[in-house]
> 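First, the structure itself, so that you have it in front of you.
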Amino acid sequence: MAYTPTEDRYQQIQYNRCGRSGVLLPALSLGLWHNFGDADSYENARKMVRRAFDMGITHFDLANNYGPPPGSAERNFGKILKADLRGYRDELIISTKAGYYMWAGPYGEWGSRKYLLASLDASLKRLGLDYVDIFYSHRFDPDTPLEETMSALDSAVRRGKALYAGISNYRPEQTAKAVKILRGLGTPCLIHQPRYSMLDRWVEDGLLDVLEKEGIGCIVFSPLAQGMLTDKYIKGIPKNSRAAKPQGFLKKEQITKPVLKKVSKLNELAKKRGQSLAQMALAWVLRDTRITSVLVGASKVGQIEQNIAALNNLKFTAGELKTIENILKDK
Ligand SMILES: NC(=O)c1ccc[n+]([C@@H]2O[C@H](COP(=O)([O-])OP(=O)(O)OC[C@H]3O[C@@H](n4cnc5c(N)ncnc54)[C@H](OP(=O)(O)O)[C@@H]3O)[C@@H](O)[C@H]2O)c1
């Protein structure tokens, strides 16, 4: 049956301004790193995208290498766009990235102009689009002049193949330099995409200050630490969870006793707040107003619904924040 999005989809969640730009992003965005490749169910992927859009999620995040196999998440998302969202392109922010290994030889990864622009063309083909909204340099390349990488992003925008430029995983000093170069080229950096969660707080050490000063948005990935910041691993590793799947990036060895001890205590606190741990973990990231959006992954529609409901309770008391700090510090 043909898909018609819900009429009240824009009354359901809030949209935050991305730095000092004209773009608003949903407080929660959907990432297609896992569960959208050819190794997964296309119909499930399609259900998740449709439900997300029905709940007001306008932003879908991809990269050239998402799958597996690499490229298949873009291809499947392209299929969903064509089947269900064809008439809604102007209501969507679609991003992709290049930086990690994509094809053999010296031009298949990192930050050269040669690689980035070829990769973007290939992404557009897989997605079936003329342009993406955001094109990211996926990682800083220590061996390519930053001017070259940034000028490739600028070219992508000038050629109309991307509307905005972004960077991901760049450290604070690298970010400051990249931002300056892009501004000089006349293509301001829209957004930075770093990892951030209760279990990985490196962005607090300088990056968020740079972004705030420069007026750049911040969309954080793995806010649930790939699922560790939910109640799912407290009693063991469930079948079909990311840690149980061979293609999952989360390895069983990462789910250690000290992590589980923290997770169990956080879970108790979340219950007292009337939330699931996943919801509290997302609310905790969004407590910092410099964060534009939390970029979550999902394997089921129900997870997206639960995660969106986190937005109903974003407030923390000083006491709760202190308790969280103490739990996280506990060895
Ligand atoms: N720029 C970069 O370098 C980079 C790197 C990584 C990711 N990203 C982006 O960030 C997105 C999100 O990353 P991520 O998938 O690691 O994020 P995440 O939100 O930390 O983890 C998502 C996983 O957590 C589990 N989950 C989600 N909601 C749940 C809930 N309510 N209850 C129980 N489990 C739940 C699911 O795992 P199960 O499969 O176990 O159900 C889901 O696949 C990616 O899709 C990608 O777009 C970017």
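Not measured: the values here are computed from a predicted model. Counting starts at 1 for both ligands and their atoms, in listed order. Because only heavy atoms are used, hydrogens play no part in the values below, and waters and symmetry mates are left out as well, while side chains stay in.
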> Under 4.0 Å from a heavy atom of D61: give me the atoms of ligand 1 that qualify, with their elements.
9 (C), 46 (C), 47 (O)

> Out of all atoms in ligand 1, which are within 4.0 Å of some heavy atom of S168? Include the element for each.
1 (N), 2 (C), 3 (O)

> Does atom CG of D205 have more than 12 heavy-atom neighbours, drawn from other residues, nucleotides or ligands, at distances under 6.0 Å?
no

> Before we go on, tell me: are the rings of W33 and F249 under 6.0 Å apart, centre to centre?
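Yes, the ring of W33 comes within the 6.0 Å limit of the ring of F249, centre to centre.
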
> When the aromatic ring centroids of W110 and Y100 are compared, is their separation below 6.0 Å?
no

> Please confirm whether the ring centroid of F36 lies under 6.0 Å from the ring centroid of F77.
no

> With a 4.0 Å cut-off on heavy atoms, is F249 touching ligand 1?
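No.
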
> With heavy-atom distances below 4.0 Å as the criterion, list the atoms of ligand 1 near G227.
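Going through ligand 1 atom by atom, the ones under 4.0 Å from G227 are 21 (O), 24 (O), 25 (C).
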
> Which protein heavy atom lies closest to atom 32 (N) of ligand 1, and at what distance to 0.1 Å?
T230 CG2, 3.9 Å

> What heavy-atom pair brings L81 and L127 nearest, and what distance separates the two atoms?
CD1-O, 4.1 Å

> Which one holds for H138 and ligand 1: side chain close, backbone close, both close, or neither close, with close meaning a heavy atom under 4.0 Å?
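Side chain only.
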
> Do R89 and D133 touch side chain to side chain, with heavy atoms closer than 4.5 Å?
yes

> At under 4.0 Å between heavy atoms, which part of S222 makes contact with ligand 1: side chain, backbone, both or neither?
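It is both parts that get close, each with some atom under 4.0 Å.
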
> What atoms in ligand 1 come closer than 4.0 Å to a heavy atom of G31?
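Near G31, meaning under 4.0 Å from one of its heavy atoms, ligand 1 has 11 (C), 44 (C), 45 (O), 47 (O).
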
